[in-house]
Structures are given as structure tokens and as C-alpha cells.
Amino acid sequence: MVCNADEGDPGAFMDRSILEGDPHSVIEAMAICGYCICSDTGLVYIRAEYPLAIERLKIAINQAEEYGLLGDDILGTGFSFKIELRYGAGAFVCGEETALIHSMEGLRGEPTVKPPFPSVSGYMGKPTNVNNVETFANIPVIINKGAGWFNKIGTEKSKGTKVFALAGKINNVGLIEVPMGTTLREVIYDIGGGIKDGKEFKSVQTGGPSGGCLTKKFLDTPIDYENLGAAGSMMGSGGMIVMDEDDCMVSIAKFYLEFTLEESCGKCSPCRIGNKRLHEILDKITQGNGDLEDIERLKVLSNVIKDTSLCGLGQSSPNPVLSTIANFENEYLAHVLEGKCPAGQCKSLVHYVINEELCNGCTLCFRNCPVGAITGERRVAHFIDQSLCIKCGVCFEKCKFNAITVN
Amino acid sequence: MPKIKLSENTVQTIKSVCAEFDNKESELINVLHKVQGKLGYLPAEVQEVIAKGLNTSVARVYGVVTFYSYFTMIPRGEFPISICMGTACYVRGAEQVLGEFKRQLKVEVGESTPDGKFSLNCLRCVGACGLAPVVTIGEKVFGRVAPTQVKEIIAEYRQGCASENAKSA
Ligand SMILES: Cc1cc2nc3c(=O)[nH]c(=O)nc-3n(C[C@H](O)[C@H](O)[C@H](O)COP(=O)(O)O)c2cc1C
Ligand code: SF4
Ligand code: FES
């Protein structure tokens, strides 16, 4: 049996914190799981990027062995169980269970078609059970307190609690554990303390590169598997990235596709080539060269990729594109019809200009510009040379008089 | 096959790592981790020695090395700089920080400075998203990095002492 601690979803760190904070809960659950399915070996597939988690897990395994909670004939029951570690090497797709198994066998982490499912033929051709760290960590508590207790928490179909990693433009970042069915509003405003710098909430991305972006209109939707799915996103591992008015949704979709392109294993063509085409179209739009047909093309291609890819990565990779088109079509339209980026993020579409009436010549922007594109003297309005400007936005952030505008 | 120009010592090191894992082909990834840990990178010649040690083809080894982003075939700098490009860091301005590192060091992602001091890379999430944007230099983690701090950070490393005010994650 295998514990999946690959946590490839960028922006999520639940598994890491469980492994660093309470590795014994995972070890105990793995032993219980081994007992149930008559397995004597547990493998933990863990990311090499988490050195501290690896170290703590090793310590915990040694401790468990010393106490006789792992090893031969555990507590005189005749049941033996050992846990070994296997290291990942920086490939998102290895979180997919078949790819993970190939990676543990020392191969390239490419997924294979299911069936056969790992539970029929997995690691070294043997039946293999794959579960996530968080899933395991729930088990000891449920056994101690009983299923009735667990079933009381959550909604009718999604039971229990879920850990989310709140990150992005929010005041309180970190891990939270809430009962299923909590609304996004409660999570973002009550627990997260609202949006950073008093800006306006725009969107929250759940489910990582496979998920989608939810808007204001979903703020009061209870979070559970069914509702997130219906809203075009997914629960995924539980990453939650909050975005504010300054984030351009076309760029966000492009960002996720860059991730997919890098992480696609390249085995099947819809994912390898299709996502590349999606990325090219999005790039064209952010450059201001897109047209209305491009948006249509994005939709058609996305659906083809979803329907024809081999593994979950390709099947879900167009989700960020589809959900941003569905929820922020206006923004796409502004890019293609007016050549404008409403959030002021797309570099090719913005210019920083100094408003001479508001500028009092404090020289702050002039001193901070990393490329010396700003000229001007003290107490005289400054000027930005557009041919030198690299559009880093430093002047805009520094100006205390709102004299710099983004066009 | 080109002649192997590695020092006898290096070849021995690699062989002993292979032996440690019983020269088993299925342990390839573990062997690569260990060898990279010792040598810093995995150039073609090293891969040939490993292939021999594990009794498999060089193509198989090369296929695995190139598949995983953790393995590298080019030497990293004395201070390997990695910018997190995970989602949390991205929305908090990692791109600008990366741009500033590129300009200051005059290298592209995946390259090293000519003096071998710094190399620049991107990675996806070190699990310190609360501190976004995150930059790691060697083992050290810098949180909430602003583009304007970049120059300072590089200067401190140039002088040979690591920044003390770095927040570790
Ligand atoms: C592209 C892709 C990436 C995945 N990444 C992870 C991951 O990083 N961690 C994880 O636990 N499961 C990941 N999964 C899900 C696993 O395939 C598998 O469903 C999961 O480990 C089962 O555990 P659970 O039933 O306990 O949730 C991924 C799936 C896909 C398709
Ligand atoms: S969908 Fe993408 S990641 Fe999955 S098997 Fe196909 S190419 Fe590989
Ligand atoms: S996204 Fe950068 S540390 Fe997680």
C-alpha cells in the first residue's frame, strides 16, 4: 500500500504540514490500512522538495519501530508491517496514481490507462492501494470517535472536515480546517480576514491547475465536492488562492497552462499538443492580438482535450481556461475587442504615464526606477521614457500622490 | 561511446552508490538522487557510469534524468537561486522578482553566472505559500521578497555572508 505525499499542486501545503506536525497519525493509519488489506509494506512517496517533512517522517518511523508499533509481530498480534520512503523528483504528474507507481519502480512517471486499476495491478504488478496523506490522517480519529461522530460533521453527501491552504491576496494566510459545507464568504472574510490592502475580492481558485476560478456569485455557496464540481471547479487537494481586482484572469489562465505544459508527461497528443495551442492563443490575447474567434477556438479545443486525454492531468488542464471564460467573459472581450487589460497586468497592453498636474517632483519614482526610464528634476513633473520602461510597476507602487496612471 | 573523462575517484563514488542499492535497476531514481547530492549534477558521462552500474541502457537513465525537473545536467552555481513560481507566489508578484534577478545577474532561467557563483532556476511551490513570494538560495528560504530587495540580497551573497535577516519558513 502506498501513501501519496507528492503534493504537486502549487499553492497547497496541507500534506506537508501534516507530515511535519503529526507524522504519527499517518504512520498509525498506514499500519491500520495494512492490517485491513493484509499488506505488510507501506511506501510513502514524498516530494524531494520537502526535506523537513522527510526528516521528521524518518524520525517518527524510527520511534514507532522502537515502541514496537511498526516492524515484526506488532504488539504480539502476529501482524507485521514496515514503512519505507520513496522520493519524488519534481514532477506534478507523478501525483497521479499510475504515474506514481511507475515512478516508484524507477521509471519515467508516465500514467498508464486504467483499467487495470492499481488495486488490481499496481506496484511491481501487485495489487496496490493508493491514498493521500490527509485521508490517512483522518483514520485514527474516526476509529477512536466512531463513524457516527464523523458523519455528524459536514453536509449530507460530503462528510467530515476539509483542510484548505489559504494563500494569495488575503490577510490571514495559512491552513484552515472547516466542516464541509462552510461557505466561501465565511472562509475568506471571517477566517481569512478579508482581502489584503482593502482591495476588492475578485476570484478564488480552488483545485489547483485542474480546478477553476470562482467568482463573487459563489461566495455564499457551501463548499463541498458536489457544489464545487457544479460551479466548474473542484475540491482537488484543497489549495485556495484568493485573487483581487489587480489580477488579470486571462493571465491566470495562461499561467496555469504554462504549468500544464511544463508538467505534461507528453505521452498523449491532446494534452501535449492541445495545451500548447491553448497557450499560444491565450498568449496572443494577452498581447492584444486576439479576436473573437479565438475565444470560440479556446472553448472547442478545451473540450476536445478534456474528452480525449489519457490521464487526469490532461482531462482537467483546460478547466482554468473554461472557468475563466465562463465567469470573466468581459475580461476576455476587453482584451480582444478594445485591446485593454482591465486589471492592468498584461504588459504589452499597459503604459505607465505620469500625470503632470498631480506630480510634485518628489523624485521618489525617479530614484526607484530600476532602468532609469524616468527623467525629471526636483519639484518639476517627471517623465517616463516609454522606450526604456520595462513596465515593472515600481514607480506606480511607490508614488504617494497617485500621479502615475496605468493606461 | 565517447571516452569517459571523469576522475577515477568520481567513478568509484558512483559505483559505490550503485552498489549501495544492490545495483538494482528499479532503484535508479534513488541512485540519481544520491549521486546528484554528491556531485551536484548529472552530466552525460555520469549517466553512462550509472547505466553500467545498474546494468541498464544509457537511454533509460537519460530518459529518467530528463523527465524529472529535480535532476539537472548542468552544474549549478555556488549559490543556487530558485524563484518559486507556484500560484500563491505568482499572484503576489513572483514574476517581477524573477525579472529583477534576471536583470541583476544578467542570466536567463536555467543558466549560471560566468563566475559560477549564482545559478537561476524556477521551482513550483516549496510549501511556504504563506510567505509568498518565496525565493530560496541554497537551503535558505527568503519570504515576502520585493523586487527592490533583490539587489541587496545578491550583494550580500557576493560578499560571502548569507543574509541574517532571512526569514526561514
Ligand atoms: C495529474 C494528477 C495529479 C495528482 N496529484 C496528486 C497529489 O499531488 N497528491 C495526492 O495525494 N493525489 C494526487 N492525485 C490523485 C491521485 O491520483 C489519487 O487519486 C489519490 O492519491 C488518492 O488518494 P485519496 O483517495 O486518499 O484522496 C493526482 C491526480 C492527478 C490526475
Ligand atoms: S493527459 Fe497529459 S499528463 Fe496525462 S498521460 Fe496524456 S500527456 Fe501525459
Ligand atoms: S506557491 Fe510559492 S511557496 Fe507555494
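So you know, we letter chains A, B, ... as the sequences are listed, proteins then strands, and number each from 1.
Per-residue counts of heavy-atom pairs under 4.5 Å with chain A were compared for B:Val64, B:Val31, B:Leu32; the largest is that of B:Val64. Chosen from A:Cys265, A:Gly106, A:Ala89, the residue pairing most often with chain B at heavy-atom distances under 4.5 Å is A:Ala89. If you tally non-hydrogen atom pairs under 4.5 Å between each of A:Lys169, A:Glu263, A:Glu49 and chain B, the highest count goes to A:Lys169. Listed options A:Gly109, A:Gly88, A:Gly208, A:Ser17 were ranked by heavy-atom pairs under 4.5 angstrom with chain B; first place goes to A:Gly109. Between chain B and the residues A:Lys196, A:Gln205, A:Glu258, A:Met104, the largest count of heavy-atom pairs under 4.5 Å involves A:Lys196. The most heavy-atom pairs under 4.5 Å with chain A, out of B:Gly86, B:Cys129, B:Ala88, come from B:Cys129.
When heavy atoms are compared at a cutoff of 4.5 Å, B:Glu100 approaches chain A solely by way of its side chain, counted from C-beta outward. Interface residue A:Tyr87: backbone and side-chain heavy atoms are both found under 4.5 Å from chain B. In this structure, no portion of A:Ala53 lies under 4.5 Å from any heavy atom of chain B. Heavy atoms closer than 4.5 Å to chain B are found in both the backbone and the side chain of A:Glu110. For A:Tyr256, the part lying under 4.5 angstrom from a heavy atom of chain B is the side chain only. A:Ile170 touches chain B through its backbone: at least one of N, CA, C or O sits under 4.5 Å from a heavy atom, while the side chain does not. Proximity to chain A (any heavy atom under 4.5 Å) is restricted, for B:Thr66, to the side chain, taken from C-beta onward. At a 4.5 Å heavy-atom cutoff, the contact between A:Ser103 and chain B is made by backbone and side-chain atoms alike. Using a 4.5 Å cut-off between heavy atoms, B:Thr148 touches chain A through its side chain atoms alone. Looking at B:Val91, the atoms closer than 4.5 Å to chain A (heavy atoms on both sides) sit in the backbone and in the side chain alike. Only the side chain of A:Met124 has a heavy atom closer than 4.5 Å to any heavy atom of chain B. Interface residue A:Asn368: only side-chain heavy atoms are found under 4.5 Å from chain B.
The backbone N or O of A:Gly193 lies less than 3.5 Å from a partner atom in the side chain of A:Asn171, making a donor-acceptor pair. Within the 3.5 Å criterion, the main-chain N or O of A:Cys346 finds no donor-acceptor partner in the side chain of A:Thr286. Side chain of B:Gln149 to main chain of B:Ala146: a donor-acceptor pair is present (N/O by atom type, distance under 3.5 Å, no hydrogens or angles).
Evaluation of the side-chain hydrogen bond (donor to acceptor under 3.5 Å, both in side chains) rule for A:Ser203 yields no partner, not counting sequence neighbours.
A salt bridge links A:Asp246 with A:Lys199: the distance from a Lys NZ or Arg NE/NH1/NH2 to an Asp or Glu carboxylate oxygen falls below 4.0 Å. The pair B:Lys15-B:Glu20 does not meet the salt-bridge criterion, since no charged nitrogen lies less than 4.0 angstrom from a carboxylate oxygen. Look at A:Glu20 and A:Arg16 and you find a salt bridge, because one of the NZ, NE, NH1 or NH2 atoms lies within 4.0 Å of a carboxylate O, short of that distance.
For the pair A:Arg47 and A:Tyr50, the cation sits on the ring face: its NZ or CZ lies under 6.0 Å from the ring centre, inside 45° of the axis. Geometrically, A:Arg108 does not engage B:Phe67 in a cation-pi contact, judged by NZ or CZ lying under 6.0 Å from the ring centre and within 45° of the ring axis.
Within 6.0 Å of CZ on B:Phe21 lie more than 12 heavy atoms contributed by other residues, nucleotides or ligands.
Applying the side-chain hydrogen bond (donor to acceptor under 3.5 Å, both in side chains) test to every pair with at least one member in residues 112-123 of chain B, sequence neighbours left out, gives these pairs: B:Thr113-B:Asp115.
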